[in-house]
Peer 1: 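I have a structure I would like to understand better, so I am pasting it below and will then ask my questions one at a time.
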Amino acid sequence: MSLLDDLNPQQRQAVSAPPGPTLVLAGPGSGKTRVLTFRVAYLLGELAVPPGEIMAVTFTNKAAREMAKRIEGLLADPRAANGSSARPFSLGTFHALAARMLRREADLLPFTRDFVIYDASDQEALVRQAVKDLNLDLKQYPPGRILGAISTAKNELIGPSEYTTTTYYGEIVKRVYEVYQKRLNSNNALDFDDLLMKVVALLREADDVRRRYRDRYRHILVDEFQDTNTAQYVLLRLLAGDGDPDLFVVGDADQSIYRWRGADYRNVIRFQEDYPGSGMVLLEQNYRSTQTILDAAMAVIDRHPGRQIKRLFTDRGRGPQVVVHEAYDEQDEASYVVETIAMLTMRGEADPGDCAVMYRTNAQSRSLEEAFLRAGLAYRLVGAQRFYGRREVKDLIAYLRLIHNPLDQVSLLRVLNVPPRALGAKSVQTLLDTAERAGVAPHTILLDLARDATSPHASALGSRSIRGLKAFGESLQSWLDDRERLPLPALIDRVLTTTDYRSYIDDGTDEGTDRWANVMELRGVAQEMDGLDLTSFLEHVALVSDQDTLTDSLNVPTLLTLHAAKGLEFPVVFIIGLDEGVLPHQRAMDDSEELAEERRLFYVGLTRAKDRLFLVRTFRRRAAGISSMCEPSRFLLDIPADLVEGDHAGILTAAQASFQRQTRWDSPASGPPTTRFRVGLHIRHPKFGEGIVMSSRLDGDDEEVTITFASEGVKRLAASIARLDILEDEE
DNA sequence: ATCACAATACTTTTT
DNA sequence: GTATTGTGAT
């Protein structure tokens, strides 16, 4: 009797694969989390691997926690070869693990272990500063776009000095990038991308450090491998080392939805090339959804041009038909969702907590929230910025970051005049100029003023701003002293009292009360994480996103974006806003790669559903204030009408008919000649045996096919020369 | 010089 | 609904 008895043959093959590079290609709902957790348990139990040697990388911290919990459960199972309870091993996201390594090795690095992590809005503030510094027009060079370019470069491990370009715009980006990076350094700050980049640089340059980590992490597991970017992949390779490391990666190219963040599912191909001896296991059976839902999902993903028809199968039976609903406007859409959930609950067909509502953009949650509130029903929102993006929360965090790392200028500028201290733009600018001229960081000027108002720095400043700056400096000094003495919640209280933050934020209105409640909630987080120091608290705040804190104890419907839904499952799923311009999103419509990603995103949403699926579209939609008509999503039209519940199928067939007359398609109208060998196709080669097509591209009249063979690894073959037989679908 | 309030423009997805 | 910019009052 072994733990592995609970698995199907494919899963068992993956879990008990001999240590070495292994690629697990898993369809949705195929139990890949299960495979990963069993693999860890197998290493710990069966192979008696010391826990310290294992590192598991997950996509979210929530996934990490979930996995830890499950492993603990597995190891407590009497059938586990080594029935002691769970032991600690490294587990977390790339970013969290990288941050830990950087703090540990900070002595070798050009920043101190007190570095702060800048989130997207901090980054944008810094880019904004840089653009202004270079006397560029913010309108012409929107910080967000420049930041995107910088982030893309960082994900490819391209630093400011290596950044090459041939365009004028690229030249601007390069110059902003240089200033931006300099500012990060002088602020003792790292952005998200730096966490990865700096670790990679460290491991590349410091031989002894690299050796140490390689010796330490003998077994590495990666979840959602299709969403790794170049920096992450290089980091993995550095940690794993050469030869045949035990690198166990699990992914599904069809669920790759983070291309815009630099993720490259071709890492799957790279993996096979870099580790020619790697094993490959497929997980094809789906344990989650009914056949109807799977058929709908497959119909959508199979429209992906140049892709093999995939047969996901389940033994769960057909289940109820898919429901398609057309609402009049967003309010109507939201009330339809709320009413349907209420009805299902009332009939006892589902618990409120079984239901999830998914949408493309966070903004779409608003009408839903209003409808839930109107109906007096509770809900849970997994929002990107629901909590940590709020002004009052950011203010308090900025204060704490400043205390933690006074070099953090972004935070300093944020709070210097919040609450108002009569320090306007002019005073701030004079402070910065004075600091620059004296060659010191701005905060030292403040601290100097606090000690001695007549310090030499004072000359350039007006008497009124000196008073304000001095007062702020005194407060800062006292907090810095407190930092050493007081536990975190008490430190927070001190900041709130000295700044009299409450009377600033809480004006007695409902909104003000709400804001103060948020401040207290943040304090509560600090309190809960008992004994946590300031460093860990700030790191938690920076790296732990809302969905990581998603509690499943509440029995209420969940509202979340399709991206946030990745890796989750619900008995009842609503996907709303199935309209052209929303899903697919307007900004993805003129790029066929992006359009393909939108399609995969929809596919991810569909495959979250276990039993029932509701697809909702809206006839009229308000965007940026004006309401206009919109057309049904092209993805919706790909769902075969015979999977849709009677009354509603008409909506589809009518829309499909009108669609025929138009020329919207995923690829240009003329369309390039298509490849004969589509990704995922099973083939047989006379010499190499059976394999799977990883990619194929046209090469003149010929076709170059990249194939992974079960026995031979990756080969690139010319279709005209190699005698490739296409095997029938794996039915 | 600062601040409060009004007008304005913009709004993908997130570790 | 939010962040930035503009305006007039203090």
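Proteins come first, then strands; the chains are lettered A, B, ... in the order of their sequence lines, and each starts at number 1. What's counted below: heavy atoms across the whole structure, side chains too, no hydrogens, waters or symmetry copies. Predicted, not measured: the structure shown is a model, and the values here were computed from it.
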Peer 1: Distance check needed: B/dT15 C1' versus A/Tyr388 OH, whole Å only.
Peer 2: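 Rounded to the whole Å, the gap is 15 Å.
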Peer 1: Is the base of B/dT12 touched by the side chain of A/Arg587 through a donor-acceptor pair closer than 3.5 angstrom?
Peer 2: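 Not at all, since no donor on one side and acceptor on the other fall under 3.5 Å apart.
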Peer 1: Compare the minimum distances between each of B/dT14, C/dT4, B/dT15 and the side chain of A/Arg128, then state the nucleotide with the smallest one.
Peer 2: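 That would be C/dT4.
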Peer 1: Exactly one of A/His540, A/Arg113, A/His404 should register a side-chain hydrogen bond (donor to acceptor under 3.5 Å, both in side chains) with A/Thr535. Which one does?
Peer 2: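 For A/Thr535, the side-chain hydrogen bond (donor to acceptor under 3.5 Å, both in side chains) check succeeds only for A/His404.
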Peer 1: Between B/dT13 atom P and A/Asp591 atom CG, what is the distance in whole Å?
Peer 2: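 Going from CG in A/Asp591 over to P in B/dT13 covers 18 Å.
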Peer 1: Which atoms of nucleotides 1-4 of chain B (N or O only) lie under 3.5 Å from a protein N or O atom, and what are those distances?
Peer 2:
unit_1	atom_1	unit_2	atom_2	d
B/dA1	OP1	A/Lys426	NZ	3.1
B/dT2	OP1	A/Gly424	N	2.9
B/dT2	OP1	A/Ser427	OG	2.5
B/dT2	OP2	A/Lys426	N	3.4
B/dC3	OP1	A/Ala422	N	2.8
B/dC3	OP2	A/Asn417	ND2	3.0

Peer 1: Charged N to carboxylate O under 4.0 angstrom, A/Asp119 versus A/Lys394?
Peer 2: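 A salt bridge is present here (some side-chain N lies under 4.0 Å from a carboxylate O).
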Peer 1: Could you tell me whether A/Arg259 and A/Asp264 have a side-chain N and a carboxylate O separated by less than 4.0 Å?
Peer 2: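 So A/Arg259 does not pair with A/Asp264 through a salt bridge.
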Peer 1: Do A/Arg366 and A/Glu369 meet the salt-bridge criterion of a basic N to acidic O distance under 4.0 Å?
Peer 2: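 No, this pair does not count.
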Peer 1: Identify which one of A/Arg587, A/His585, A/Arg360 satisfies the side-chain hydrogen bond (donor to acceptor under 3.5 Å, both in side chains) criterion when paired with A/Glu598.
Peer 2: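 Answer to the side-chain hydrogen bond (donor to acceptor under 3.5 Å, both in side chains) test with A/Glu598 among A/Arg587, A/His585, A/Arg360: A/Arg360.
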Peer 1: May I ask you to decide whether A/Asp506 forms a salt bridge with A/Arg515, counting only side-chain N to carboxylate O separations under 4.0 Å?
Peer 2: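 Looking at A/Arg515 together with A/Asp506, the answer is no, because their closest N to O distance does not fall below 4.0 Å.
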Peer 1: Taking the nucleotide of DNA chain B with the closest heavy atom to each, which residue, A/His585 or A/Gln232, is nearer the 5' end?
Peer 2: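 Result: A/His585.
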Peer 1: Between the side chains of A/Arg608 and A/Glu569, is the shortest nitrogen-to-carboxylate-oxygen separation below 4.0 Å, so that they form an ion pair?
Peer 2: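 Looking at A/Glu569 and A/Arg608, the cut-off is not met.
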Peer 1: Side-chain N or O of A/Asn362 versus OP1/OP2 of B/dT14: is the shortest distance under 4.0 Å?
Peer 2: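 So the side chain of A/Asn362 is within the cut-off, an N or O lying under 4.0 Å from OP1 or OP2 of B/dT14.
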Peer 1: Looking at the base of B/dT15, is there any donor atom on it, or on the side chain of A/His95, that sits under 3.5 Å from an acceptor on the other one?
Peer 2: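 Per atom types, the contact qualifies.
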Peer 1: Taking only the side-chain heavy atoms of A/Thr93 (C-beta and beyond), determine which of B/dT12, B/dT13, B/dT15 contains the nearest atom.
Peer 2: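 Out of B/dT12, B/dT13, B/dT15, the nucleotide with an atom closest to A/Thr93's side chain is B/dT15.
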Peer 1: Does A/His563 stack onto the base of B/dT13, taking stacking as ring centres under 5.5 Å apart and planes under 30° apart?
Peer 2: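 The ring of A/His563 is not stacked on B/dT13.
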Peer 1: Please tell me which of A/Gln123 and A/Glu594 maps to the more 5' nucleotide of DNA chain B, matching each residue to the nucleotide holding its nearest heavy atom.
Peer 2: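 Residue closer to the 5' terminus by nearest nucleotide: A/Glu594.
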Peer 1: Here's one to test your reading of the geometry: is the NZ or CZ of A/Lys566 within 45 degrees of the ring axis of A/Phe59 and under 6.0 Å from its centre?
Peer 2: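 Because its charged atom sits under 6.0 Å from the ring centre and within 45° of the axis, A/Lys566 does stack over A/Phe59.
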Peer 1: Tell me whether the side-chain N/O atoms of A/Thr361 come closer than 4.0 Å to OP1 or OP2 in B/dT11.
Peer 2: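 Checking A/Thr361 against B/dT11: no side-chain N or O falls below 4.0 Å of OP1 or OP2.
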Peer 1: Heavy atoms only, 4.0 Å cut-off, all strands: where does A/Phe59 land among base, sugar-phosphate and nothing?
Peer 2: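 Since only primed, P, OP1 and OP2 atoms lie under 4.0 Å of A/Phe59, the category is sugar-phosphate.
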Peer 1: Applying the 5.5 Å / 30° rule, does A/Phe192 stack onto the base of B/dT15?
Peer 2: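 Stacked: centres under 5.5 Å apart, planes under 30°.
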Peer 1: Could you give the CG-to-C1' distance, from A/Asp590 to B/dT12, as a whole number of Å?
Peer 2: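 Whole-Å distance recorded here is 14 Å.
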Peer 1: Report the distance from atom CG of A/Leu147 to atom P of B/dT13, rounded to the nearest whole Å.
Peer 2: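 Nearest whole value for this atom pair: 15 Å.
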Peer 1: In whole angstrom, give the distance that lies between atom CZ of A/Arg145 and atom C1' of B/dT13.
Peer 2: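 Nearest whole value for this atom pair: 18 Å.
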Peer 1: Rounded to whole angstroms, how far apart are CZ on A/Arg360 and C1' on B/dT14?
Peer 2: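 To the nearest whole Å, that distance equals 11 Å.
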Peer 1: Measure from the side chain of A/Arg366, starting at C-beta and using heavy atoms only, and say which of C/dG1, B/dT12, B/dT15 lies closest.
Peer 2: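 Ranking C/dG1, B/dT12, B/dT15 by closest atom to the A/Arg366 side chain puts C/dG1 first.
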Peer 1: Between A/Glu330 (CD) and C/dG1 (C1'), how many Å, whole number?
Peer 2: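 After rounding, the reported distance stands at 13 Å.
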Peer 1: Could you tell me how far apart A/Ile257 (CD1) and B/dT14 (P) are, to the nearest whole angstrom?
Peer 2: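 The answer, rounded to whole Å, is 9 Å.
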